[in-house]
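Written out below as structure tokens is the structure these notes cover.
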Amino acid sequence: MRETVLEILTEIRGDIDFENETKLIDDNILASLDIVAIVGEFNDEFDVEISVEDLVPENFNSVDAMVKLIETAQE
Amino acid sequence: MAFTSLNFLIFALATVILYYIIPVNFRWVVLLAASYAFYLISSPKTFVFVLLTTVITYLGGLYIGNCNAGHKAYMDEHKAEMSREEKKAAKAASQSRKRKMVALILILNFGVLAVLKYFRYYLQAAGIFDAGELLIPLGISFYTFQSAAYIFDLYRNKIEPDRNIAKFALFTAFFPQIIQGPISRHDQLAHQLYEGHRFDYSNLTRGAQLILWGFFKKLVIADRVAILCSEVFDNYTEYTGGAVFVALLFYTIQIYADFSGGIDIARGVAQCMGIEMTHNFMRPYFSHNLSEFWNRWHISLSHWCRDYIFYPVAMSKFFGKLGKSLRNVFGDRIGKLFPVIVAQYCTFITIGLWHGAEFKYVAYGLYNGTVIVLGLLCEPLLKAAMEKLHIKAESKAWKLFQIIRTFFIVVCGRIFPKAASFGVAISMFFSMFRLNHGVPFSETVMSLGLTGADFLIILVCCIIWFAVSLIQEKDMRLNGGDGNKGFRQMLDEKPLPLRWAILLAAFALILSLGIYGPGYDAAAFIYRGF
């Protein structure tokens, strides 16, 4: 799953080093437009329903946090 | 009581002294007493509206919090024996109860805001009440939006409700932020207000420095450039060409110096008591595009709109489905962008309306929304053009071009909120392209109310401000975060005598170069009116 998440993220923002960034939201690296695109792709790809309630910085600050979010949404 | 008045300084100083005299556990009581005293002194006739919003939001918040707790307790007990559908149904029932309460609170709070700020003249015209009898409550937009954020966050189960109404009253009416924000979030500010902070010399000096910096921007820069802006905007029929452009450029400086100066004073006063309020500005004129600008300008309002309007609209099932059906007609890209475009317009119309009910504010929102939407739609074209022209997106020249381009987009947009009406804004915009034949440009500019010395002061002060901003920007790039500590950190590392020399020089500069109106009371802050 991690590989697919990385692929999606790189497709949306190729200019970011997602492997090493851990403050994607806190440091304003990802914009709100990116978040909407990322969530849309996650929902389609992993058949989950990530909602507005899940949009907190902790869930999008790093690749691992996003993987964890998808796993929780799949439960 | 204006931030720049001597009365406010005495009031703030007395509050800080009292805050540290009273035992730690009761320090929040000092803040509440000071906040209510501040409101009663500044706007006694409208105090009842703050109380009303406080009580409505507090009670509604308790109800939503109890719904959250009840649902959690039920799930903890029955989760194991429930199917997925049953869990979904239980959650939906709880959400439905909460949603009804959220709707009720919003209707009541925004209803008060709508009647007092937006529909007063229509209601007066209909003979329902005399608008002249009712003043607009001080800071109503700020505390209404802040209360709404509290309710939304409770609905989303992100925070726990306040169970002490006096403490919640402090959160709603904390005096440094009530006039012009920032619009704080409960999880960021409330606990800082409620817990007492022990005296810390560093907090006091850092707070005082921030207040000084705020005064510098407001009194030396904003109120000076305001003279030229008022001359041109108040007598717009008399000016064309360069004079209008200079006025617009100066207004871009004025609004930033005025608003961010006020925020610095508010944040500085809070910091003296160890309270860190959220940032509202992050060097907005260094933005590479308009989206980034709105992420750096009036951040607390932009983020409010992002979290409670943009995301819910852009991620709503309705617009998502509509976007999918549009993919067949307009293609994949437009279909995917459709919910985002709708959300952008909703966001910027709200930002426009936040400033006032007049159409010029809606136009301001539409202008910003349209520039961003056009940027999104034209992105592939721009990428193709850059490839053809061999422009590297990472090159310094391109980035500088982006900053200058964004700055001028912002400058042009400023004409809508500043001009007397939408019609005046359009007429002034086109008058910029009509040359003022006969009178040399320099002569026109020198007749707009400022002397040569004033222009020199503005130039030097803007250079100082720019240099500080560059240091902060560099700090942000190197250390992450918002970079706002960059300059003060640098100052802290200097030897004590030099540090004090800089601070005393700044103090003398403000005292000698500040613009004071009649009775030595500076001009009112622009955002106080919103």
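A quick note: this is a predicted structure, and the numbers were derived from the prediction, not measured.
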[X] portion near chain A, given a 4.5 angstrom heavy-atom threshold:
X	answer
B/D153	neither
B/Q344	side chain
B/L337	neither
B/Y155	side chain
B/F310	side chain

Next item on the list: Determine whether more than 12 heavy atoms belonging to other residues, nucleotides or ligands lie under 6.0 Å from atom CD of A/E49.
Entry: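 No, CD of A/E49 has 12 or fewer neighbouring heavy atoms, counting only those of other groups under 6.0 Å.
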Notebook entry, point to check: Quick one: ring-ring contact (aromatic ring centres under 6.0 Å, His included) partners of B/H78, sequence neighbours excluded?
Noted result: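 For B/H78, the residues satisfying ring-ring contact (aromatic ring centres under 6.0 Å, His included) (neighbours in sequence not counted) are B/Y74.
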Next item on the list: Would you mind telling me which of B/A343, B/P312, B/G320 has the largest number of heavy-atom pairs within less than 4.5 Å of chain A?
Entry: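 When all of B/A343, B/P312, B/G320 are compared, B/P312 has the most.
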Donor-acceptor pairs are to be reported for all side-chain atoms of residues 37-45 of chain A against protein atoms at under 3.5 Å, with residues two or more places apart or in another chain.
from, atom 1, to, atom 2, distance (Å)
A/E41, OE2, B/K336, NZ, 2.8
A/N43, OD1, A/I50, N, 2.9

Item checked: Pair A/R2 + A/E19, salt bridge at N-O below 4.0 Å ->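 A salt bridge is present here (some side-chain N lies under 4.0 Å from a carboxylate O).
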Margin query: Check B/K72 with B/D76, please: is the shortest side-chain N to carboxylate O separation under 4.0 Å?
Written below: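 The answer is yes: the pair qualifies as a salt bridge.
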